[in-house]
Amino acid sequence: MEERKVRVRFAPSPTGALHIGGVRTALYNYLYARQHGGDMIFRIEDTDSQRFVPGAEEYIMEALEWLGIKFDEGVGYGGNYGPYRQSERKDIYRKYVDILLENGKGYIAFDTPEELDAKRNEIANFQYDASTRMSMRNSLTMSADEVNAAIAAGEKYVVRFKIEPGEDVKVNDIIRGEVVINSSILDDKVLYKSADNLPTYHLANIVDDHLMEVSHVIRGEEWLPSAPLHVLLYRAFGWEDTMPRFAHLPLLLKPDGKGKLSKRDGDRLGFPVFPLEWHDPKSGEVSSGYREAGYLPEAVVNFLALLGWNPGNDQEIMSMDELIKLFDLHRCSKSGAKFDYEKGKWFNHQYLQLRSDREVAEMFMPIVEGKGYKCDIETLTRIVSLVKSRINFVNELWEQTAFFFVAPTEYEEKSVRKRWDEGMAARMEELIAIIEELPTMESKAAEEVVLGWITEKGYHMGNVMNAYRLAVVGYCKGPHMFDISEIMGREETVARLRKAIERLG
RNA sequence: GGCCGAUUCGUCUAUCGGUUAGGACGUAAGAUUCUCAAUCUUAAAAGAGGGGUUCGAUUCCCCUAUCGGCUACCA
């Protein structure tokens with residue numbers, strides 16, 4: 001096989017937010033391009049003017065940028081194969097439609113949607129193909145004059161692909177191997193419509209991939225059934241020798257079983273299906289996004305990469321650079337993967353631990369300020385260091401650390417009953433005296449003295465320590481008590497103890 | 001309905017004819033501990049069913065079942 005420069009494309013339709021399956025497709029294309037020193041093209045397939053949603057294109061670009069998936073050329077990036085927006089390539093498509101018309105691979109059809117619907121109702125499993133096209137209103141059944149007259153009269157028409165029946169069309173898929181479909185089951189696909197002078201997906205796709213010298217088409221499995229049609233189109237144009245290699249990715253499925261993951265599942269199941277929050281301009285609906293949910297982009301990338309692919313060993317945590325090195329289309333699985341949100345959380349946890357305390361504190365700072373509290377970054381970093389290991393998301397930090405900023409106004413009842421027994425107030429008074437005499441609040445040193453006192457007096461370790469925690473925190477959860485008091489400081493710690501004694505008696 | 005694809009623990013997956021079927025998430029137990037987490041250790045947990053091929057099938061073939069995709073002048 002000839003050496004060809006790897007050129008791949010990600011070609012979404014701007015019909016709304018990019019969903020997570022689309023993100024994975026973009027990611028795999030990107031990994032493949034980078035690994036082979038190839039180009040990654042961003043093309044917009046907006047041939048359906050009806051479904052165009054303003055803002056979708058910008059959304060897709062922003063989402064992929066956030067995830068670190070970069071393009072080399074395309075809409076917004078420039079390049080020598082433009083324009084990259086299909087709606088701006090009308091003249092190009094018209095030219096290729098004419099070629100098909102001239103060489104007899106395509107024909108003009110005047111059947112209206114109503115007429116087609118009538119046929120479908122009349123004949124079960126009606127298909128516009130070799131068996132039926134001679135009974136329809138098209139350039140095969142009408143004379144050239146009639147056709148020209150109809151066009152001149154302004155009748156709307158479409159151009160259909162004339163598929164010869166009875167031929168086994170082979171698609172060689174990198175992931176699935178050879179898939180054979182007989183051309184008889186294919187219908188004469190509409191390639192072009194005069195109503196808006198736009199091609200349909202199939203024609204635009206083939207023309208663009210050819211003209212843009214795309215070497216590999218990596219796309220979702222939903223395209224597998226139309227792959228033979230695409231092969232036939234390459235053949236019809238005489239481009240078979242430079243036809244891209246195909247790789248059809250398994251679909252991302254709903255976590256609870258039925259069907260492929262869809263836009264509605266996110267809100268139904270309580271997790272995002274979009275990379276970024278999406279505001280639907282038509283319905284006004286807001287859908288949650290991974291970024292807003294507190295995900296780190298590298299966690300999303302890693303998680304998504306492993307949904308349908310693995311490196312062949314037990315390694316799970318991989319940076320983008322590692323993924324680029326290790327990715328292999330031949331190691332993609334063939335079956336759909338159910339989306340496992342729990343595992344996604346775990347990935348975010350892992351990546352959060354990889355970030356420094358300082359970085360996490362910087363991400364946390366706006367939340368603290370948003371709650372109306374001030375804290376210097378050094379102190380916040382120390383606070384984060386205590387709880388970072390227990391969180392999956394930055395936005396969980398507040399509930400873990402709020403007691404640093406707000407003194408308890410009430411005390412968890414259950415713990416009070418269990419730990420604040422009679423005489424505890426007196427013991428806490430002793431504790432205050434000890435804390436006030438401590439040479440330092442430093443965790444280890446303070447711990448030694450306080451635990452020494454408890455042991456010496458023969459007090460119940462669990463009760464005293466938990467009462468202490470209850471007084472300072474308000475409930476019996478959280479990091480090492482002496483780490484807390486070190487950061488909180490002597491004055492505040494003692495003040496909280498006094499207040500608890502006063503309130504709990 | 002037709003066509004295509006898929007099928008290993010609950011989930012993501014490893015295995016490219018011979019393994020005690022491995023790992024991870026989640027779950028459970030234990031360790032640790034002032035608490036709750038985190039962490040560590042351990043455990044339970046799988047080849048859809050039926051036929052072949054073979055000395056030997058999770059692995060190859062066929063059938064069935066199930067799941068999924070496609071079947072538009074949407075992509």
Side-chain angles (χ1 to χ4, degrees), chain A residues 11-15 45-48 50-51 109 111-113 116-117 120 124-125 127-128 156-160 171 173 175-176 179-182 184-187 189-196 198-202 204-205 219-228 248 250-251 253-260 303 306-317 331 333-347 349 353 387-391 400 412 415 418-419 447 450-451 454 460-470 473 475-482:
Chain A
S13 230
T15 55
E45 309 219 329
D46 53 350
T47 52
D48 185 354
Q50 300 297 308
R51 295 209 307 158
D111 318 271
T112 64
L116 291 171
D117 276 345
R120 288 187 189 108
N125 298 325
Q127 189 165 282
Y128 209 121
K156 297 276 180 278
Y157 65 90
V158 299
V159 176
R160 285 183 181 271
V171 178
D173 189 277
I175 295 172
R176 282 149 214 286
V179 178
V180 182
I181 293 183
N182 194 281
S184 296
I185 65 126
L186 264 20
D187 64 342
K189 272 275 171 294
V190 170
L191 299 179
Y192 187 85
K193 41 217 192 317
S194 71
D196 53 9
L198 278 169
T200 60
Y201 171 82
H202 304 288
N205 195 264
R219 66 203 339 180
E221 192 189 341
E222 69 267 29
W223 293 110
L224 192 54
S226 52
H248 289 95
L251 263 17
L253 272 19
K254 295 177 199 290
D256 59 352
K258 312 264 175 213
K260 67 173 172 178
F303 172 50
L306 252 13
L307 236 38
W309 170 83
N310 71 81
N313 54 37
D314 291 340
Q315 191 182 2
E316 292 204 289
I317 300 297
R331 289 205 61 86
S333 54
K334 299 180 181 71
S335 51
K338 278 187 192 142
F339 193 83
D340 182 8
Y341 192 63
E342 287 303 318
K343 186 117 187 196
K345 287 187 193 168
W346 178 81
F347 271 105
H349 175 83
Q353 307 317 308
V387 296
K388 195 178 74 173
S389 70
R390 44 218 296 156
I391 58 158
Q400 294 281 340
E412 190 185 48
S415 302
K418 186 173 175 196
R419 305 293 190 181
E447 179 175 2
V450 173
L451 295 195
I454 296 173
H460 186 283
M461 182 70 73
N463 283 356
V464 173
M465 283 307 298
N466 276 295
Y468 181 21
R469 178 179 293 278
L470 203 49
V473 177
Y475 47 85
C476 289
K477 275 186 205 173
H480 196 63
M481 198 46 225
F482 296 98

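Being a predicted model, the structure only gives us computed values, none of them experimental. Residue numbers begin at 1 in each chain, while the letters A, B, ... track the order of the sequences.
Nucleotide U39(B) has A31(B) as its partner under the Watson-Crick or G-U criteria, with both atom distances under 3.5 Å. The base-pairing partner of G1(B), taking Watson-Crick or G-U wobble contacts with both distances under 3.5 Å, is U71(B). The partner of U66(B) is A6(B), by the rule that a Watson-Crick or G-U pair needs both atom distances under 3.5 Å. The partner of U59(B) is absent, by the rule that a Watson-Crick or G-U pair needs both atom distances under 3.5 Å. In this structure, U11(B) and A24(B) make a Watson-Crick or G-U wobble pair, each of the two defining distances being under 3.5 angstrom. Pairing partner, A46(B): none, since no Watson-Crick or wobble contact has both distances short of 3.5 Å.
In this structure, the side chain of H248(A) does not engage the main chain of I175(A) through any donor-acceptor pair within 3.5 Å.
Nucleotides C62(B) and A21(B) have their P atoms positioned 27 Å apart, rounded to a whole Å. A gap of 11 Å separates the P atoms of G22(B) and A43(B), to the nearest Å. Taking atom P in both G10(B) and A48(B), the straight-line distance is 12 Å, to the nearest Å. Annotation: G18(B) and G2(B) have their P atoms spaced 38 Å apart (nearest Å). Rounded to the nearest Å, the gap between the P atom of C16(B) and that of U59(B) is 14 Å. The same atom, C1', is picked in C40(B) and in U32(B); the two are 9 Å apart, to the nearest Å.
Comparing G68(B), A75(B), U35(B) against the side chain of E221(A) picks out G68(B) as the nearest. Listed nucleotides G26(B), C74(B), G22(B) differ in distance to D314(A); the shortest reach to its side chain belongs to G22(B). Closest to the side chain of K334(A), out of C73(B), A6(B), G26(B), is A6(B). Here A24(B) is the nucleotide among A75(B), A24(B), C73(B) with the atom lying nearest to any side-chain atom of E316(A). Out of G68(B), C4(B), A75(B), the shortest distance to the side chain of L253(A) is found at G68(B). The side chain of T200(A) has A75(B) as its nearest neighbour among A38(B), U11(B), A75(B). Comparing C34(B), C74(B), G5(B) by their nearest atom to the side chain of V179(A) picks out G5(B). The side chain of L224(A) has C4(B) as its nearest neighbour among A75(B), C4(B), C12(B). Of all nucleotides listed (C70(B), C74(B), C25(B)), C70(B) comes nearest to the side chain of E222(A).
A sub-4.0 Å separation between OP1 or OP2 of G69(B) and a side-chain N or O of K260(A) is absent. S335(A) has no side-chain polar atom (N or O) that falls below the 4.0 Å cut-off from OP1 or OP2 of G68(B). OP1 or OP2 of A14(B) sits under 4.0 Å from a side-chain N or O of N310(A). Distances shown here put a side-chain N or O of S333(A) below 4.0 Å from the OP1 or OP2 atom of U13(B). At least one side-chain nitrogen or oxygen of R160(A) sits closer than 4.0 Å to the OP1 or OP2 atom of C73(B). For R331(A), a side-chain nitrogen or oxygen approaches OP1 or OP2 of U15(B) to under 4.0 Å. Considering only side-chain N and O atoms, R176(A) lies nowhere under 4.0 angstrom from the phosphate OP1 or OP2 of G69(B).
A salt bridge is absent between D340(A) and K338(A); no separation between the charged side-chain nitrogens and carboxylate oxygens falls under 4.0 Å.
Nucleic acid contact class of G308(A) (heavy atoms, under 4.0 Å, all strands): sugar-phosphate only. Contacts of V180(A) with the nucleic acid, taken as non-hydrogen atoms under 4.0 Å apart, involve only primed sugar atoms and P, OP1 or OP2. Using a 4.0 Å heavy-atom distance criterion, S415(A) is classed as making no nucleic acid contact. Residue contacts shown for M461(A) are limited to sugar-phosphate atoms, with no base heavy atom under 4.0 Å away. Among the protein residues, P12(A) comes within range of no part of the nucleic acid, since none of its heavy atoms lies under 4.0 Å from any strand. Using a 4.0 Å heavy-atom criterion, one finds that N125(A) contacts the bases of the nucleic acid, with or without backbone contacts as well. Residue-level contact check: D111(A) touches the bases, meaning some heavy atom is under 4.0 Å from a base atom. Counting non-hydrogen atoms under 4.0 angstrom, A337(A) reaches the backbone sugars and phosphates but no base.
Put simply, CD1 on I175(A) is 20 Å from P on C16(B), counting in whole angstrom units. In this structure, K388(A) places its NZ atom 13 Å from P of U39(B), rounding to the nearest Å. For the pair K193(A) NZ and C73(B) C1', the computed distance is 6 Å after rounding to whole Å. Per the geometry, NZ belonging to K418(A) stands 9 Å off C1' belonging to U35(B), to the nearest Å. Atom-to-atom, NZ of K477(A) to C1' of A37(B) comes out at 9 Å; the value is rounded to the nearest Å. Look at NE2 on H480(A): it is 19 Å from P on U39(B), rounded to the nearest Å. When rounded to the nearest whole Å, the span between CD1 of I181(A) and P of G5(B) equals 7 Å. For the pair L251(A) CG and C67(B) P, the computed distance is 16 Å after rounding to whole Å.
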For V450(A) and E447(A), run side-chain contact (heavy atoms from CB on, under 4.5 Å): C-alpha distance rounded to whole Å, both residues' side-chain angles, the deciding distance at 0.1 Å, then the answer. CA-CA 5 Å; V450(A) 173; E447(A) 179 175 2; over 6 Å; no
Can you list the steps and then say if D111(A) with Y128(A) is a side-chain hydrogen bond (donor to acceptor under 3.5 Å, both in side chains)? CA-CA 11 Å; D111(A) 318 271; Y128(A) 209 121; 2.6 Å; yes
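Ranked by how close their nearest RNA chain B nucleotide is to the 5' end, L306(A) and D187(A) are led by L306(A). Each of G344(A) and I185(A) was matched to the nucleotide of RNA chain B holding its nearest heavy atom; the match closer to the 5' end belongs to I185(A).
Between Y341(A) and W346(A), the gap from one ring centroid to the other reaches at least 6.0 Å.
No hydrogens or angles were tested; on distance alone, a donor-acceptor pair under 3.5 Å links the side chain of K343(A) to the base of A24(B).
Around atom NZ of K418(A), no more than 12 heavy atoms belonging to other residues, nucleotides or ligands sit under 6.0 Å away.
Here the NZ-CD distance, from K388(A) to Q400(A), works out to 14.0 Å after rounding to the nearest 0.5 Å. A distance of 10.5 Å separates CZ of R469(A) from CZ of R419(A), quoted to the nearest 0.5 Å. Here the straight-line distance linking atom CG of L306(A) with atom CD of E316(A) works out to 5.5 Å at 0.5 Å rounding.
Each of R176(A), K260(A), K334(A) was compared with E221(A) under the salt bridge (Lys or Arg N to Asp or Glu O under 4.0 Å) criterion, and only R176(A) meets it.
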